[in-house]
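Quick notes on the structure that follows.
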Number of protein chains: 2
Amino acid sequence: MAHSDVPKPTSAELAILQVLWDRGPSTVRDVHGVLNDDKPTGYTTVLKLMQIMLEKGLLERDDSRRQHVYTPSVAADRTQRQLIGDLIDRAFSGSAQKLVMQALSAKRISREELDEIRALLDDIERQSS
Amino acid sequence: MAHSDVPKPTSAELAILQVLWDRGPSTVRDVHGVLNDDKPTGYTTVLKLMQIMLEKGLLERDDSRRQHVYTPSVAADRTQRQLIGDLIDRAFSGSAQKLVMQALSAKRISREELDEIRALLDDIERQSS
DNA sequence: TGATTTCGACGAAACACTTCGTACATTGGG
DNA sequence: CCCAATGTACGAAGTGTTTCGTCGAAATCA
């Protein structure tokens with residue numbers, strides 16, 4: 001958590017963030033609607049979670065209207081990098097390469113996607129020279 | 001957890017696994033020695049954790065000697081893939097490609113490592129044809 | 001052998017995460 | 001104006017994780 005003011009989201013919190021990143025600013029009802037389709041969840045459960053996330057600084061909200069509208073206070077990619085960095089440290093002895101290589105073996109990736117990755121590799125290599 | 005009989009290790013458990021993967025079969029004292037260097041930890045704390053991990057099936061032990069000797073019951077790479085898969089699902093909407101691309105941006109990777117990754121990409125592509 | 005050290009077992013406490021019941025406020029329709 | 005519906009706030013309980021103190025057994029050594 002050293003390099004950011006926002007804490008690492010927990011599992012349930014991440015599910016909520018995903019919805020908000022997807023839909024943009026949303027009410028508790030909106031978020032509950034989405035999550036409840038995946039997995040039955042109480043409305044107040046989601047509400048409480050979002051209130052806690054507000055306290056933690058994970059979310060911001062507009063409470064000028066009756067139905068409070070929540071937005072993530074961090075972008076998806078930043079959080080994703082935070083989680084990856086954490087995993088690299090905790091499970092891959094700090095080696096990003098090891099993680100990437102395991103990830104490539106872990107799930108099937110289409111040829112098109114492989115090509116995109118290759119292009120990114122080229123970019124990185126070009127920048128470092 | 002659907003595809004494996006061993007549960008996902010928690011954070012503290014993962015630290016212990018790392019030591020065991022590194023050093024091979026070890027006693028509680030050994031593990032405690034290593035962890036305690038990073039971060040002051042009580043001996044019994046590590047002991048208890050390892051006992052719990054034994055119950056969960058994360059570790060196996062030889063208690064024929066007085067100092068019980070513990071070994072991980074799962075290989076490092078398998079656990080790593082489990083954790084990656086989990087992260088892909090929870091934070092990257094199931095897209096391994098997204099994770100890989102974020103990982104490549106998240107930490108600096110040396111040219112040699114980039115080349116190794118490229119080689120792996122070639123392997124994968126070759127196999128899928 | 002008796003004292004000291006080393007070890008594992010066990011229980012409990014502290015903490016964090018998750019879930020939900022209940023209470024209370026606001027709004028809109030009849 | 002009152003009722004039903006829709007919201008938020010709050011507290012508490014259930015669960016899992018982490019930490020550690022205390023105990024007794026076993027080994028070591030003087």
Side-chain angles (χ1 to χ4, degrees), chain A residues 1 6-20 25-71 79 82-83 86-87 90-91, chain B residues 1 6-20 25-71 79 82-83 86-87 90-91:
Chain A
M1 230 146 296
V6 290
K8 182 162 77 97
T10 66
S11 201
E13 287 169 350
L14 193 54
I16 289 174
L17 283 173
Q18 299 254 44
V19 175
L20 292 174
S26 307
T27 64
V28 174
R29 177 149 305 279
D30 294 331
V31 174
H32 174 251
V34 175
L35 294 183
N36 201 40
D37 282 350
D38 263 16
K39 174 173 169 300
T41 314
Y43 173 86
T44 54
T45 301
V46 178
L47 170 64
K48 179 67 166 186
L49 228 14
M50 291 174 75
Q51 287 171 340
I52 291 172
M53 292 170 77
L54 181 68
E55 280 175 20
K56 290 189 186 175
L58 251 34
L59 300 183
E60 287 162 15
R61 85 175 166 194
D62 172 0
D63 54 2
S64 62
R65 283 189 279 165
R66 180 154 119 90
Q67 297 197 166
H68 299 175
V69 176
Y70 291 82
T71 46
T79 302
Q82 179 185 21
L83 293 172
D86 191 65
L87 188 62
R90 290 194 304 110
Chain B
M1 232 148 296
V6 289
K8 180 162 79 96
T10 66
S11 201
E13 287 170 349
L14 193 54
I16 289 173
L17 283 173
Q18 298 255 43
V19 175
L20 292 174
S26 307
T27 64
V28 174
R29 177 148 307 279
D30 294 332
V31 175
H32 174 250
V34 175
L35 294 183
N36 201 40
D37 282 350
D38 262 16
K39 174 172 169 300
T41 314
Y43 173 86
T44 53
T45 301
V46 177
L47 169 65
K48 180 66 165 187
L49 229 13
M50 291 175 76
Q51 286 172 341
I52 291 172
M53 291 170 77
L54 181 68
E55 280 175 21
K56 289 189 185 175
L58 250 35
L59 301 182
E60 286 162 15
R61 85 174 168 195
D62 171 1
D63 54 3
S64 62
R65 283 188 279 165
R66 179 153 120 89
Q67 298 197 167
H68 299 175
V69 176
Y70 291 82
T71 46
T79 301
Q82 181 184 19
L83 293 172
D86 191 64
L87 187 62
R90 290 194 304 112

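Proteins get letters first, then strands, A, B, ... in listed order; numbering begins at 1 in each.
- Rounded to an integer number of Å, the gap from CE of B:Met53 to C1' of D:dG16 is 15 Å.
- With a 4.5 Å cut-off on side-chain heavy atoms, A:Gln51 and A:Lys48 count as touching.
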For each nucleotide in nucleotides 20-30 of chain D, reading 5' to 3', give B when a protein heavy atom comes within less than 4.0 Å of its base, S when such contact involves only the sugar-phosphate, and - otherwise. BBB--BBS---
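- Counting only heavy atoms from C-beta outward, the side chains of A:Pro9 and A:Gln82 approach each other to under 4.5 Å.
- Between B:Lys39 and the phosphate of D:dT18, there is no side-chain N or O to OP1/OP2 separation shorter than 4.0 Å.
- Protein atom CG of B:Asp30 is 14 Å distant from nucleotide atom C1' of C:dT6, rounded to whole Å.
- The listed nucleotides are C:dT19, D:dA9, D:dT18; the one nearest the side chain of A:Gln51 is D:dA9.
- The CG-P distance, from B:Leu47 to C:dT6, rounds to 16 Å in whole Å.
- Among the atoms of the strands shown, only primed sugar atoms or phosphate atoms (P, OP1, OP2) are found under 4.0 Å from some heavy atom of B:Arg61.
- Put simply, the residue from B:Asp62, B:Val28, B:Ile16, B:Thr27 that forms a side chain to side chain contact (heavy atoms under 4.5 Å, CB included) with B:Tyr70 is B:Val28.
- B:Lys8 has its NZ atom 12 Å from the C1' atom of D:dG16, to the nearest Å.
- What separates CG of B:Leu59 from C1' of C:dG8 is a distance of 15 Å, to the nearest Å.
- Phosphate proximity of C:dG21 to A:Tyr43: absent, as no side-chain N or O sits under 4.0 Å from OP1 or OP2.
- A residue-by-residue look at B:Ser11 and A:Arg29 shows that A:Arg29 has its nearest nucleotide of DNA chain D further toward the 5' end.
- Here B:Lys56 reaches the OP1 or OP2 of D:dT17: one of its side-chain N or O atoms lies under 4.0 Å away.
- Nearest nucleotide to the B:His68 side chain, out of C:dC17, D:dA9, C:dA9: C:dA9.
- Rounded to whole Å, the distance from CE on A:Met50 to P on C:dT19 is 15 Å.
- Between B:Glu55 atom CD and D:dT18 atom P there is a gap of 15 Å when expressed in whole angstrom units.
- For B:Asp38 (side chain) and B:Leu35 (main-chain N/O), no donor-acceptor pair under 3.5 Å exists by modelled atom type.
- For the pair A:Leu49 CG and D:dT8 P, the interatomic distance rounds to 14 Å; values are reported in whole Å.
- Proximity of a side-chain donor or acceptor of B:Thr41 to a complementary backbone N or O of B:Lys39 within less than 3.5 Å is detected.
- At distances below 3.5 Å, not a single donor-acceptor pair connects side-chain atoms of B:His32 with backbone N or O atoms of B:Leu47.
- Between the side chain of A:Gln18 and the backbone N or O of B:Arg90, at least one donor-acceptor pair lies under 3.5 Å.
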